[in-house]
Structure formats: C-alpha cells, structure tokens
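Have a look at the structure below, then the notes.
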Amino acid sequence: MTTTNTLSAHAYAAPAAKAPLERTTIPRRPVGARDILIEIKYAGICHSDIHQARDGWGEGIYPMVPGHEIAGVVTEAGSSVTRYRPGDRVGVGCFVDSCRECDQCRAGREQHCERGMTGTYNALDRNGDPTYGGYSTHIVVDEDYAVRVPDALPLDVAAPLLCAGITLYSPLSRWGAGPGRKVAIVGLGGLGHMGVKIAHAMGAEVTVLSQTLRKEADGRALGAEAFHATSDPATFEKLAGTFDLIVSTVSAPLDFDAYLSLLKTDGALVNVGAPEEPVSLNLFSLITGRRTLAGSMIGGIAETQEMLDFCAEHGLGAEIELIRADQINEAYERVLASDVRYRFVIDASTI
Ligand code: NAP
Ligand code: ZN
C-alpha cells in the first residue's frame with residue numbers, strides 16, 4: 001500500500017534568517033512508487049545548518065528546516081522500491097535527488113551533478129517545492145538517495161556520519177591517507193573529530209591542529225599521535241614541511257599560506273570548511289614545494305555507503321551529545337563557540 005496523501009510532519013524551522021528555530025508542522029510529499037517513508041530517530045547538527053539557517057551563504061529559503069545528518073527507520077515503501085522494507089535502518093545525507101544522467105551522476109558523484117543536486121533542505125525539488133531537512137519526525141525520499149545503516153552502528157552515533165563522516169572519508173581516501181602518511185586535521189569539531197578517527201583507522205599517522213590545547217586529551221583518545229595549538233606561532237615553525245596531507249575543517253577564514261607551509265614537497269591541503277567570507281592566498285605558497293590546494297564536498301551515494309560500512313567494520317561512530325529539540329538554539333550557540341564535544345544530535349522523538 002502506498003500513501004497517496006500529503007503527510008504532515010512535526011519539525012523545527014527557522015522562520016526567517018537569523019530568527020531562532022521553532023516548532024512547526026510541515027508537509028511531506030505522498031510516498032511515490034520509488035519512495036520510502038522514514039521515521040526519523042536522530043538528526044545531527046552540522047555547522048552548515050547554522051551557516052544556512054542564519055543565511056551566511058545567502059539565498060536561504062524560509063521557513064527552513066535544517067538537518068542533513070538523518071538516521072531513522074523505514075515505515076513504508078512505495079510499490080517499486082526494491083532495496084528497503086519497513087523496519088530497515090537507513091540514513092539520508094546532504095542531497096535527496098540529482099539528474100541521474102550526467103557524467104557525474106553516472107560516475108556516482110551525485111553531489112557534483114552537472115544540473116545541480118537537490119539539497120535535503122534549503123532547495124527546491126523537481127516540482128519547485130521547497131525541501132525540508134532532518135529536524136523533523138518524518139521524511140519521504142527516493143530509495144536511490146538513502147543508504148543502509150549497518151547493524152553494528154547505533155543510529156544516534158551513525159547520524160553524523162551522513163555528513164561529517166563522508167565529508168572526511170572522501171578526501172582522506174582520495175588523497176591516500178594510509179600507512180606511512182602523515183596527515184593533519186585542522187579544527188577538532190564535528191567534521192574534524194571524524195577525520196581523526198577515520199584517518200587513524202586508515203592507518204595514517206594523525207596530528208590535530210586546534211586553536212588551543214584544550215581538546216588535546218580528546219584528540220589523542222580519538223587516535224591522534226600529536227596535537228598542536230595553532231594560536232602558538234612556534235607550532236608553524238616546528239611543523240614546517242611535515243605533512244603529506246592536511247584537511248582543514250575550519251568554519252572561519254584561515255591563513256592558508258601558513259598551513260600550506262606545513263606540507264612536504266608535493267603535499268596537498270584539502271579544504272572542506274565553508275566559511276562565509278573569502279580568504280586570500282599568496283601563490284608562492286603553492287609554487288614552492290609544488291603543493292596542491294584542493295577542495296572536497298561530501299561524497300556520492302555509493303561512497304557514503306562504503307564509508308558507513310568502513311565505520312561499522314572499524315567500530316567508528318561519532319562522539320555525540322544527545323539533545324532535545326528545544327535545545328537546538330542553545331546548541332547552535334555552543335557550536336559557534338567551538339564548544340561541542342563533538343556533535344550535537346537531536347532526539348527526534350522530542351520534536
Ligand atoms: P564545527 O563542529 O563548528 O567545527 C569547526 C572547528 O573549526 C571548531 O571546532 C574549531 O576547532 C575550528 N574553528 C572554529 N572557528 C575557528 C577560527 N576562527 N579559527 C580557527 N579554527 C576555528 O563545524 P563542522 O560541523 O565540523 O563544520 C566545519 C565547516 O565545514 C563548516 O564551515 C561547514 O559548513 C563545513 N562543511 C563542509 C562540508 C563539505 O562538504 N565541504 C560538509 C559539512 C560541513 P578547534 O576548537 O579545534 O580549533
Ligand atoms: Zn553537513
């Protein structure tokens with residue numbers, strides 16, 4: 001049986017840019033032949049939610065229901081669905097559709113769809129209707145844009161993997177984090193702490209570059225062999241020319257010249273942070289040492305499944321602080337203050 005009516009779900013939404021999030025009701029499309037209806041159990045709070053809810057990247061669509069780290073259970077499957085059945089544990093990440101035909105989609109890089117992927121929220125779907133994210137009780141998605149959460153991963157610690165996990169797994173795997181490679185992770189927040197866990201599990205020698213030494217014990221427990229404060233200028237002298245790979249997860253503009261100087265010859269700095277302001281760069285930082293500065297954005301569906309399977313195999317979930325939905329606004333302030341250990345996750349039963 002397929003539900004033909006529009007569903008009504010509870011959600012937390014930002015009614016306007018910079019306004020606090022509040023409880024509301026949103027429509028979810030009827031469950032189509034290829035769709036699954038998911039009862040959301042947990043939703044992670046990504047710093048991107050805050051950038052967008054506060055319109056830091058511009059062109060926000062309001063009311064906005066953020067949330068692209070979704071873990072839940074299938075409660076209904078459309079008539080043509082082949083992969084999922086009611087009761088299955090699934091996740092949804094940053095996008096819920098793409099053209100499926102372009103070179104990028106065909107190569108499994110749907111996040112780089114040449115016609116533009118459809119964001120899980122703050123986007124318009126094929127019908128021109130706004131998409132609403134995971135701070136909600138239910139979501140309806142095409143089965144092709146869901147992934148399976150392995151049984152070994154509890155849903156609450158799996159939720160953040162749908163963005164933070166894949167955003168670090170993808171560049172670490174593409175740029176060869178592994179045995180014999182020195183990898184630095186800049187910023188020990190939601191993304192950064194998964195970067196430390198994943199790079200360590202891949203066999204790399206991991207260093208954390210954090211603003212202060214406050215999180216040092218945590219960083220080492222997560223798998224880092226070294227931890228340095230970037231507020232100390234001596235750090236940049238000491239570590240000059242040290243790393244094969246640096247991944248920056250910092251949400252604010254950085255002095256990229258300083259971080260590039262920490263790379264070995266032919267090393268690469270991959271930036272995944274998405275600050276609201278531009279940064280400047282002295283191109284000599286790249287010419288010298290034939291260094292690479294690259295970017296990376298989440299990952300495709302198949303790669304996200306690969307990441308979840310890798311995390312299950314290595315017992316890697318996120319370190320989370322579970323919150324009620326009425327604590328979202330407070331959690332946002334704490335993320336902005338770098339006071340998150342290391343991901344806030346909303347218990348969707350409190351929405
Ligand atoms: P987060 O939990 O707030 O972590 C960011 C960390 O950056 C902080 O914990 C802090 O680490 C460091 N930091 C913050 N402000 C800083 C400053 N002014 N100078 C130096 N370091 C600073 O955020 P997140 O959820 O991990 O997201 C990080 C960024 O990645 C955001 O901009 C987000 O939008 C972006 N993002 C990108 C992708 C992608 O696909 N590329 C995906 C998801 C998110 P320390 O306390 O250790 O210094
Ligand atoms: Zn995210």
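One-based numbering, in listed order, for ligands and for the atoms of each.
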Please work out whether any backbone atom (N, CA, C, O) or any side-chain heavy atom from C-beta onward of [X] is under 4.0 Å from ligand 1, and answer side chain, backbone, both or neither.
X	result
A252	side chain
C163	side chain
R214	neither
T249	backbone

S98 and Y145: side-chain donor and acceptor closer than 3.5 Å?
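Indeed, the side chains of S98 and Y145 share at least one donor-acceptor pair under 3.5 Å.
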Between [X] and ligand 1, is there a nitrogen or oxygen pair with a distance under 3.5 Å?
X	value
W57	no
L188	yes
Y342	no

Pick from Y135, F95, Y121: which one makes a ring-ring contact (aromatic ring centres under 6.0 Å, His included) with H68?
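The residue from Y135, F95, Y121 that satisfies ring-ring contact (aromatic ring centres under 6.0 Å, His included) with H68 turns out to be Y121.
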Those residues at least two apart in sequence (or on a different chain) that pass side chain to side chain donor-acceptor pair (under 3.5 Å) with R106 are none
How about the Zn ion (ligand 2), which protein N, O or S atoms come within less than 2.8 Å?
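Those protein N, O or S atoms (cut-off: under 2.8 Å from the Zn ion (ligand 2)) are C46 SG, H68 NE2, C163 SG.
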Do the non-hydrogen side-chain atoms of N122 and P66 ever get within less than 4.5 Å of each other?
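No, every pair of side-chain atoms sits at 4.5 Å or beyond.
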When you check the gap from the basic side-chain N to the acidic O, do R34 and E143 get nearer than 4.0 Å?
no
Taking the non-hydrogen atoms of F227, is any one of them nearer than 4.0 angstrom to ligand 1?
no
